[in-house]
Amino acid sequence: MDVLELYRRTGALLEGHFLLRSGLHSPIFLQSAALLQHPLYAEAVGEALGKLFEDEKVDFVIGPALGGVVLSFVVAKALGARALFAEKDGQGGMTLRRGLTVNPGDRFLAVEDVVTTGESVRKAIRAAEARGGVLVGVGAIVDRSGGKAAFGVPFRALLKLEVPQYLPEACPLCRDGVPLEEV
């Protein structure tokens, strides 16, 4: 599967000057919602990502809301597991919505569309672990961390993408006056 081609085909590969959730700036942004809005593409991505973890016996798949909701669902479907999501708790962390069950010892896979620093998926992981879940792996559609994201368990992505990212004070796009877009 050519993941980058799917991003292009769906208009989800954006070029310009973007403020990432991590606070870093980048000339490339991957708008995964534009890709995952297409059920056939979402399902194909979920199946491909699920295959990377098919040897792990998982009880559930979790992703951070909002972007990880669809992804956790399609990966869970591929693995025959439950799909959960974590949402912001208003205190800088994430929590599981009432009614989403994690039994002590449940094995889980955490998923994210694009990993840059991994902080969003780490918050979802902490929410599941707080309920007794046991993390067995982390999966992403795209790893743009440059090999820096580590979770203490296998981390696998469908695509590793080297994209420049800059601290705001060292950003050449800022220096050149390119308007910054928040996404």
Side-chain angles (χ1 to χ4, degrees), residues 3-4 7 12-14 18-36 42 45-46 48-53 56 58-76 78-79 81 83-96 100 102 106-168 170-171 182-183:
V3 174
L4 200 53
Y7 274 90
L13 176 65
L14 307 177
F18 303 99
L19 175 61
L20 306 176
R21 273 188 304 223
S22 63
L24 300 173
H25 293 196
S26 178
I28 301 286
F29 184 75
L30 299 165
Q31 183 59 273
S32 299
L35 167 65
L36 295 172
V45 165
L49 198 48
K51 281 185 178 163
L52 296 179
F53 294 94
E56 299 294 336
V58 299
D59 297 298
F60 68 90
V61 178
I62 191 168
L66 225 77
V69 174
V70 170
L71 187 59
S72 66
F73 179 85
V74 294
V75 174
L79 293 172
L84 306 182
F85 64 91
E87 56 190 355
K88 291 180 181 177
D89 64 7
Q91 299 169 22
M94 288 192 172
T95 188
L96 293 173
L100 297 179
V102 174
D106 276 356
R107 295 166 53 85
F108 73 96
L109 172 66
V111 296
E112 177 70 293
D113 56 347
V114 179
V115 170
T116 301
T117 65
E119 192 51 37
S120 292
V121 76
R122 277 188 190 88
K123 290 177 182 179
I125 290 166
R126 286 193 288 272
E129 288 177 335
R131 296 262 190 101
V134 177
L135 180 66
V136 298
V138 176
I141 301 173
V142 180
D143 174 7
R144 64 176 279 165
S145 74
K148 294 179 183 157
F151 303 95
V153 293
F155 171 44
R156 301 178 184 122
L158 296 176
L159 174 67
K160 291 183 183 191
L161 190 61
E162 295 290 327
V163 177
Q165 38 197 21
Y166 310 104
L167 292 170
C171 178
E182 282 194 50
V183 286

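- Across all their heavy atoms, Ser22 and Thr117 have their closest contact at CB-CG2, 3.6 Å.
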Handout entry: Check against side chain to side chain contact (heavy atoms under 4.5 Å, CB included), Asp143 and Phe155
Key = CA-CA 9 Å; Asp143 174 7; Phe155 171 44; 3.4 Å; yes

Practice task
Under the side chain to side chain contact (heavy atoms under 4.5 Å, CB included) rule, what do Val142 and Val115 come out as? Steps first, then yes or no, please.
Solution key: CA-CA 6 Å; Val142 180; Val115 170; over 6 Å; no

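- Judged as a salt bridge (Lys or Arg N to Asp or Glu O under 4.0 Å), and not counting sequence neighbours, the contacts of Arg107 are Glu56.
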Problem - salt bridge (charged side-chain N to carboxylate O under 4.0 Å, His left out) between Glu162 and Lys148, intermediate numbers included - result: CA-CA 12 Å; Glu162 295 290 327; Lys148 294 179 183 157; over 6 Å; no

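- Across all non-hydrogen atoms, the minimal contact from Leu109 to Val138 is CD1-N, 3.8 Å.
- Partners of Leu100 according to the side-chain contact (heavy atoms from CB on, under 4.5 Å) rule, which considers only residues two or more places apart in sequence or in another chain, are Leu84, Phe85, Arg97.
- Residue Val45 forms a side-chain contact (heavy atoms from CB on, under 4.5 Å) with just one option from Val75, Leu71, Val3, and that option is Leu71.
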Practice task
Test Phe108 against Ile125 for side chain to side chain contact (heavy atoms under 4.5 Å, CB included), laying out the working first.
Solution key: CA-CA 9 Å; Phe108 73 96; Ile125 290 166; 4.2 Å; yes

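- Counting heavy atoms from C-beta outward, Leu96 and Val102 have side chains that approach closer than 4.5 Å.
- Taking 4.5 Å as the limit, every side-chain heavy atom of Ile28 sits out of range of all side-chain heavy atoms of Leu14.
- Using a distance-only test at 3.5 Å, with no hydrogens or angles considered, no donor-acceptor pair links the side chain of Ser120 to the main chain of Pro64.
- Counting only heavy atoms from C-beta outward, the side chains of Ile141 and Leu30 never approach each other to under 4.5 Å.
- Taken to the nearest 0.5 Å, the CG atom of Leu20 stands 11.5 Å off from the OH atom of Tyr166.
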Exercise for the section: List the steps, then state whether side chain to side chain contact (heavy atoms under 4.5 Å, CB included) holds for Ile62 with Ser72. Expected result: CA-CA 5 Å; Ile62 191 168; Ser72 66; 5.7 Å; no

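- The minimum heavy-atom distance linking Met94 with Ala65 is given by the pair CE-O, 4.2 Å.
- The backbone N or O of Ala86 lies less than 3.5 Å from no partner atom in the side chain of Lys123, so there is not a single donor-acceptor pair.
- For the pair Leu135 and Phe151, the tightest heavy-atom approach, listed with the atom from each and the gap, is CD2-O, 4.4 Å.
- Under 3.5 Å, the side chains of Ser32 and Asp113 contain a donor-acceptor pair of N or O atoms.
- Expressed to the nearest 0.5 Å, how far OG1 of Thr116 lies from CG of Leu24 amounts to 7.5 Å.
- Within a 6.0 Å sphere centred on CZ of Phe18, other residues, nucleotides and ligands contribute more than 12 heavy atoms.
- Phe60 places a side-chain heavy atom less than 4.5 Å from the side chain of Asp106.
- Remark: Arg144 does not engage Glu112 in a salt bridge, criterion side-chain N to carboxylate O under 4.0 Å.
- Annotation for Ala83 and Ala76: closest pair CB-CB, 3.7 Å, computed over non-hydrogen atoms.
- Of all heavy-atom pairs between Gly50 and Leu79, the closest is O-CD2, 3.4 Å.
- To the nearest 0.5 Å, the span separating CG on Leu158 from NZ on Lys51 amounts to 11.0 Å.
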